[in-house]
Amino acid sequence: MDEKKVATEVVSLIGGKENVSYFSNCTTRLRFNLVDSEVAESNKSKIEAVDGVIGVVSNAQFQVIIGPAVNDVAVNVKKELGDISENASAPKEKQSVGSLILEYMMAIFQPLVPAMAGGGVLKSMLILLAMMGVMDKTSNTYEILTMVGDAPLYFLPILVAFTAARKFQANELVAMSAVGTLLLPNMTDLLAKGANFAGFGLTPVAYAYQIFPALLMVFLYIAMEKLMFKISPKPIAVFFVPMVSLAVTVPIVLMFLGPLGLQMGNLLATVIVGGYTKFGWIATAALAAILPLMISVGMHKAMLPYATSTMSKIGYDPLYLPASLGHNISESGAAFAVSLKTKDTRLKQAAVSAGISALFGITEPAIYGVTLLHKRVLTAVMISSAIGGAAAGFLAIKAFALVGPGLASISMFADENNSKNLLYAAAVLGLSMVTSFVAALVLYKDEVEVEETQTDNLPVAGSLSLMSPVKGLVIPLSDVKDDVFSSGMVGDGVGIVPDDNVLVAPTDAEVTMVFETGHAIGLKTSSGAEILLHIGLDTVQMAGDGFNTFVKVGDKVTQGQPLIDFDVDKIVAAGYDPTIIVVITNQGELDVSNIAPSTRRVTHGTPVLAVSVLA
């Protein structure tokens, strides 16, 4: 992957840096808040066609799924965007309340994950080493490394202050200073002894590890800062605004909002853990089963506030992360099964890569590249995830680090008070892998049956094989409902009833013709084959409405490169047949044979025609 090229193309296709009001990334995705999403939405197919992009999801944010290489791409995206702070105040399109809430949750909690994951896994590895007798728990080395791992959770209020202030465009450093007051050793000691402020008794609260008191403090600080900027004389605003904001915010939090935030965190943890206690393995199984659907639209991020709060409150998570273990490994096992069973070379390669990523806790490549494209695989994954989740719930597995569960992070289940917890997690990992592998092996079938007898029709040396330019149902040319094409007057070939909306090059070739209306394109190969790709019947009458071309005459294209995207629904709504015609127009010079004369389903890269030069 050329990370710089990916970044440049993505930024351009979403409308340029002027259209981005906020950017971040997680472990697999580029996340954009856009001023106007219409441009990005209209270019979805082009973005998905960028080499290195796995898929696109649009809900609260416009998300471009990259996979494990996302950090390198994100670095280049930031270079492309430069300073986008001036875009933050640009008019935004209206969003639903649900989308806004999800957007703010992701902006505040998503950036916390790397720090919490790194610290959590470090602590869990130290526990594992101590359990194995490799390290002495009383040694200074162990104690120092434990504090390193504990720091992200201890200072979680300050980290939350930073992300929240950044999202709401307040002064991050002053917001962090305000929250930092709650963590001062002297403040902690003062509160523990029963302090008061202006005669008002303060609740003795230990604010380290807490989320909601910090959030409430930042919200109040933001309101104070905006108010102070309005009334403060400009010459003294540099110190007057933060001074008054801090002097008002901190006491109010100590008296009212801090204890309220503590109760909010306690309530959330109590409700979730209480629900888990009541429903047990059923809750874990149900959550694991629907995770592939939640992840596909980014809704799994709604679990972050719960997981973060529970982890900081009780020190472990009994629900979301154990369920994720069953799901992640199920994605891996299913992908490996598909790679073993499929005869599609491209799918085989994608499935192997996706299986390895999912095994290590990164599931998006498997979800977008394999699972969601094949209903039988999705069924296998959901069945296996439910079984793995049920086992995790039944065994009451606890996770001690906020990171995607997988083989490399299995130490996150090390429990110094229960040595069996890690063994149970390893058992769930093995169960999920075997169950999903077997289920996918039994259920999965190539949508295109590639028979051994087809090898007789493959092109000989000096000839070429044309791949399907679209996913869909191949039909004989004689069944096409157009006398000109079905009679073979234009040339020999096939028809394909499309299942998707992107026409790709069936082989390496040069573009020789692009109709102004975008409904047809002509190609010529190095061996002399002249190919006509015609989208729909009589669609020239649509005058280009619903068609978007990516290439021009003279362009050299490679097999699989997007040529045109088209709106199937719009074609059908206009009363036209959307069948794609693939014909060789200079058939007098070539021998054209249909590799699959019978009706069957095909996908991009499936051979449909063999072309060779006549002797």
Side-chain angles (χ1 to χ4, degrees), residues 24-31 54-67 70 96-110 112-113 117 268 271-272 275-276 279 281-311 317-335 354 357-358 361-375 377-390 392-393 399 402-406 428 432 436:
S24 64
N25 69 281
C26 57
T27 53
T28 56
R29 308 178 185 207
L30 305 173
R31 297 174 175 273
I54 297 173
V56 172
V57 175
S58 179
N59 44 41
Q61 294 177 310
F62 192 84
Q63 305 168 28
V64 182
I65 299 105
I66 302 295
V70 68
S96 66
V97 174
S99 293
L100 280 173
I101 292 174
L102 183 59
E103 175 188 326
Y104 284 116
M105 282 197 305
M106 288 191 294
I108 294 171
F109 290 98
Q110 180 63 48
L112 304 176
V113 173
L268 178 61
V271 169
I272 299 294
Y276 165 75
F279 296 103
W281 63 269
I282 296 176
T284 318
L287 178 58
I290 64 173
L291 270 176
L293 304 179
M294 291 178 66
I295 293 173
S296 69
V297 295
M299 284 301 297
H300 64 303
K301 297 303 180 185
M303 297 297 294
L304 276 177
Y306 148 72
T308 307
S309 177
T310 304
M311 195 73 68
D317 171 30
L319 178 60
Y320 174 53
L321 295 173
S324 295
L325 174 65
H327 164 255
N328 292 357
I329 303 305
S330 293
E331 290 285 358
S332 177
S357 293
I362 306 297
T363 57
E364 274 87 350
I367 289 174
Y368 291 100
V370 181
T371 303
L372 294 180
L373 299 181
H374 307 280
K375 292 181 180 179
V377 181
L378 177 60
T379 301
V381 168
M382 293 183 72
I383 291 172
S384 174
S385 296
I387 294 172
L402 186 54
V403 63
V428 170
S432 301
S436 62

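Residue numbers run from 1 in the order of the sequence given.
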With rounding to the nearest 0.5 angstrom, report the OG to CD distance, S24 to Q63.
9.0 Å
Nearest atoms (heavy-atom pairs only) where T310 meets P318
CG2-CD, 4.3 Å
Nearest heavy-atom pair of L402 and M311: which atoms, and what distance?
N-CE, 3.8 Å
Rounded to the nearest 0.5 angstrom, the CD-OG distance for E331 and S385 is 6.5 Å
Which value, rounded to the nearest 0.5 Å, describes the distance between I65 atom CD1 and I362 atom CD1?
13.0 Å
Y320 to L287 - nearest heavy-atom pair and separation:
CA-CD2, 3.8 Å
The reported gap from OG in S357 to CD1 in I54 (rounded to nearest 0.5 angstrom) is 7.5 Å
Decide side chain to side chain contact (heavy atoms under 4.5 Å, CB included) for L319 and T284; before the verdict, give the C-alpha distance in whole Å, the side-chain angles of both, and the deciding distance to 0.1 Å.
CA-CA 6 Å; L319 178 60; T284 318; 4.0 Å; yes
Could you check whether any side-chain N or O of S436 sits under 3.5 Å from a backbone N or O of S330, counting only pairs where one atom can act as donor and the other as acceptor?
yes
Of all heavy-atom pairs between N328 and P405, which one has the smallest distance, and what is that distance?
ND2-O, 2.9 Å
Contact summary for A399 and P322, nearest pair of heavy atoms:
CB-CD, 4.3 Å
Can you tell me how far apart CD1 (I367) and CE (M294) are? Round to the nearest 0.5 Å.
11.0 Å
Tell me whether S384 contacts the main-chain N or O of A380 through its side chain, where contact means a donor paired with an acceptor under 3.5 Å.
no
Contact summary for H327 and A288, nearest pair of heavy atoms:
CB-O, 3.9 Å
Could you give me the CA-CA distance, side-chain angles and deciding distance for S432 and L325, then say whether side chain to side chain contact (heavy atoms under 4.5 Å, CB included) is met?
CA-CA 8 Å; S432 301; L325 174 65; 6.0 Å; no
